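A short write-up of the structure that comes next.
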Amino acid sequence: MPLNRKQIAVTQPRRVAAASLAARVSEEFGCQIGHEVGYQVRFSNVTHPHKTKLKYLTDGMLLRELMIDGKLSKYSTIILDEAHERTVLTDLIMGFLKQLLVSKQRTDLKVIVMSATLNAELFSKFFNDAPILFVEGKMYPVGSFYLTDSNEDIVDTMIRTVIQVNRSEQEGDVLCFLPGQEEIDNCVQVLTQLAPHLPKDSPIIVPLPLYAQLSPNQQAKIFEKLPARRRKVILATNIAETSITVSGVKYVIDSGLRKVKVWKHQLGLSTLLTTPISKASAKQRAGRAGRESAGKVFRLYLEKTFDQFPKQQESEIIRNDIILPILTLKKLQVDDLLNWSWLEHPGQEAILSALNTLYSLGALNDSGKITSLGYKMAVLPLPPQLSVVLITAMEFGVLNPVIDIVACLSVDNLLLNVGGSNGEVRDEVNYKRRQFCPLGCKFGDLIALKEYFNYFMETNSAETKAWCKELFFSYKGFKNVMKVRHQLRDYMIATVKQDDSMKQHERDGLLRKVKLQLDDEEQGEMDIPKVLKSFLKGYITNTAIGMPDRSYRTFNTGQLISIHPSSNLFGKVNLDCVMYLEYVFTAKGYGRNCSAMELGWLQEIAPHILGASKISIANS
DNA sequence: GAGCACTGC
């Protein structure tokens, strides 16, 4: 293809950004979106096969394209935007692009990395001292103010600062950054109570919470226009730092804190801790006050403390588990992982731990080469554990229910937080939810998801909308479940069609079997043991045994673990065995998304692991 | 008997 016929790709870490940038640029360029300028993200491809010259896409999408065409031949130029955010996917793409350039597989490819100035050096060095261009951004000045005494209680300090800002500052909305929803709910509650009692010569404050687990409806409140003499006080998590932009904000109050999930590969669990933000993050938060006019940021920490903040946050590739990235690299025929062109090396231990997990999932063989199962896993748009679950479900003949459950698991914030600190409403919602999952109450959260999903499928949309509202389920989330479900069904059929490890007639036979499994008309009662055993194949190490003292201990290491309060099985102390999809350490070790298992199922799925357990299960 | 920030295919 001649160079000038090739496309220009611009990657974005978030889907909405890809879509809205394409809309803006096509308008400025004067074309219909999807013609010369288009975008491609999961579930929507707004491009033209011949016309599109400039394509906005998510970095995950570009990585998919890399798997199909390792040379990215259809592009003349790749522009990586927001590279400073250092998502795992942007990091990986950068490593591949470097390989393409260094190995001279592509001599005509231009790569442009766009980043905040702060870490331009890092990218320049990585691409063999590539030249750096500086582009001034348009931004109004933002004055910063710091505390003069260190604060004791962040919620209390936040509330007092809001009141003071409201009393002494000109009109303009206030955006407050807090670490988590607990702090936000507390602040909203107190400020709502105080609002009517504040001095009458100041605007009336309208406190509004903003975090991911609120329903789209509740989130939309922050965009509503208020009557005169009111002032929005938005209390938000990091969601307002990059994902959601609110107009009208003139003042930012920054707690200087955020919550970070860090994966501990030595322990096989993640921790969720409140930690100080970075200087880069503090700047980004402050910038939210200067988008439309000059603004102010009130930082709830000492200036000295700011100076001690790290320059930037630890990158994702350092703090996340890298099981999927390692599988992706293996799929792309990278053998020497330790010496690959990592933008930032995740460390030998993390790599070995990921390899180990992939080996036990069956994705790699004894010599570390990717297996045919591993190929299938790498193609599915799921974490490797869930890919194993799907492939096992196909063998067990329970693909239909398992796809539905996995689709539910793939959608974030499907089950919303009841929100606020209203205990009565919460208990009532929990009670109502239980009415819809009689089997889930017994077998746990995975089966409950299937029961909810069945109800969603069986009723008409007006009813389901009301049902979702009443039970605090996300209607939009369930709509997304449908999209994922559809995609997974297609992928599973494609997986069989492309499986060259068996003969033609075997493949045809399996294909018929799979299609039969997916035929909704054929579905009878769900075979719960088989469904849960499919999950066990992917999560065999995530099991805990019920001990005589009514506690649970993890099966492989003997650690104490509790059932998370959000689980249907919360409070149950007499289960033989619990399987959890995630092990998080906050106040203590919690298993999240739990299912009740029989010891016999463990024995059946992983007899070899049973012998290696650190705890004795003879007496239970 | 107590609580999860965000993003991607």
Side-chain angles (χ1 to χ4, degrees), chain A residues 11-18 40-45 57-68 82 85-93 177-186 210-214 236-244 255 257-262 270-275 277 281 313 316 319-320 324-325 327-328 331 377-384 386-387 407 410-413 415-421 423 426-427 430 480 483-484 487-488 490-491 550-551 562-567 569-573 582-588 590 592-593:
Chain A
T11 69
Q12 292 293 323
R14 282 170 292 281
R15 300 172 50 186
V16 273
Q40 188 178 2
V41 299
R42 189 183 191 183
F43 302 131
S44 60
N45 184 355
L57 73 177
T58 47
D59 40 22
M61 210 68 223
L62 188 69
L63 200 64
R64 289 251 138 194
E65 293 191 359
L66 240 156
M67 287 211 205
I68 296 158
E82 311 281 5
E85 286 189 24
R86 299 289 314 279
T87 68
V88 175
L89 297 171
T90 342
D91 271 25
L92 285 182
I93 289 169
F177 285 97
L178 284 162
Q181 54 182 65
E182 190 186 338
E183 293 86 352
I184 290 171
D185 287 341
N186 287 343
L210 177 64
Y211 45 81
Q213 282 218 353
L214 289 175
T237 60
N238 249 358
I239 195 168
E241 202 179 293
T242 47
S243 303
I244 295 181
S255 66
L257 299 170
R258 73 159 185 172
K259 283 196 176 180
V260 197
K261 197 169 183 174
V262 180
S270 42
T271 56
L272 191 77
L273 296 174
T274 303
T275 55
I277 58 172
S281 192
Q313 217 72 46
E316 273 187 0
R319 53 167 220 265
N320 284 10
L324 182 57
L327 180 61
T328 306
K331 161 100 202 296
M377 288 162 63
V379 173
L380 289 167
L382 292 170
L386 282 180
S387 297
S410 303
V411 170
D412 287 329
N413 307 314
L415 316 186
L416 300 166
N417 248 33
V418 176
S421 21
R426 186 196 53 209
D427 289 346
N430 278 339
N480 288 332
K483 288 186 195 168
V484 178
Q487 193 183 40
L488 291 178
D490 287 350
Y491 266 116
R550 298 157 75 88
S551 68
S562 308
I563 295 171
H564 195 274
S566 63
S567 171
L569 299 180
F570 179 68
K572 297 214 175 188
V573 290
E582 205 188 353
Y583 183 9
V584 286
F585 199 94
T586 51
K588 56 181 180 177
Y590 285 107
R592 303 195 71 222
N593 213 319

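Note that this is a predicted model, so its numbers are computed, not measured. Proteins get letters first, then strands, A, B, ... in listed order; numbering begins at 1 in each.
Taking 4.0 angstrom as the limit, A:Ser566 places none of its side-chain polar atoms (N or O) nearer than this to OP1 or OP2 of B:dA2.
Put simply, the side chain of A:Thr274 does not reach to within 4.5 Å of the side chain of A:Val260, judged on heavy atoms. The shortest distance between side-chain heavy atoms of A:Thr242 and A:Arg14 falls below 4.5 Å. Considering only heavy atoms from C-beta on, A:Leu324 comes within 4.5 Å of A:Thr328 through its side chain.
Under a 3.5 Å cut-off, the side chain of A:Ser255 and the backbone N or O of A:Phe177 do form a donor-acceptor pair.
Checked against B:dG3, B:dT7, B:dC9, the side chain of A:Ala587 finds its nearest nucleotide in B:dG3. Closest to the A:Phe570 side chain, of the nucleotides B:dC9, B:dC6, B:dG1, is B:dG1. Taking only side-chain atoms of A:Gln181, from C-beta outward, the nucleotide of B:dA2, B:dA5, B:dT7 with the closest atom is B:dA5. Of the candidate nucleotides B:dC9, B:dA2, B:dA5, B:dC9 has the atom lying nearest to any side-chain atom of A:Met61. For A:His564, taking side-chain heavy atoms from C-beta onward, the closest of the listed nucleotides B:dC6, B:dC9, B:dG3 is B:dG3.
Two residues, A:Arg258 and A:Asn430, neighbour DNA chain B, and the one matched to the more 5' nucleotide by heavy-atom proximity is A:Asn430. Take the nearest nucleotide of DNA chain B for A:Tyr590 and for A:Glu316: the residue whose nucleotide is more 5' is A:Tyr590.
The distance from atom CZ of A:Arg86 to atom P of B:dA5 is 25 Å, rounded to the nearest whole Å. Between A:Arg319 atom CZ and B:dT7 atom C1' the separation is 10 Å, expressed in whole Å.
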Quiz item: How would DNA chain B look in dot-bracket form, 5' to 3', counting Watson-Crick and G-U wobble pairs with both distances under 3.5 Å and writing | for bases paired to another strand?
Solution: .........

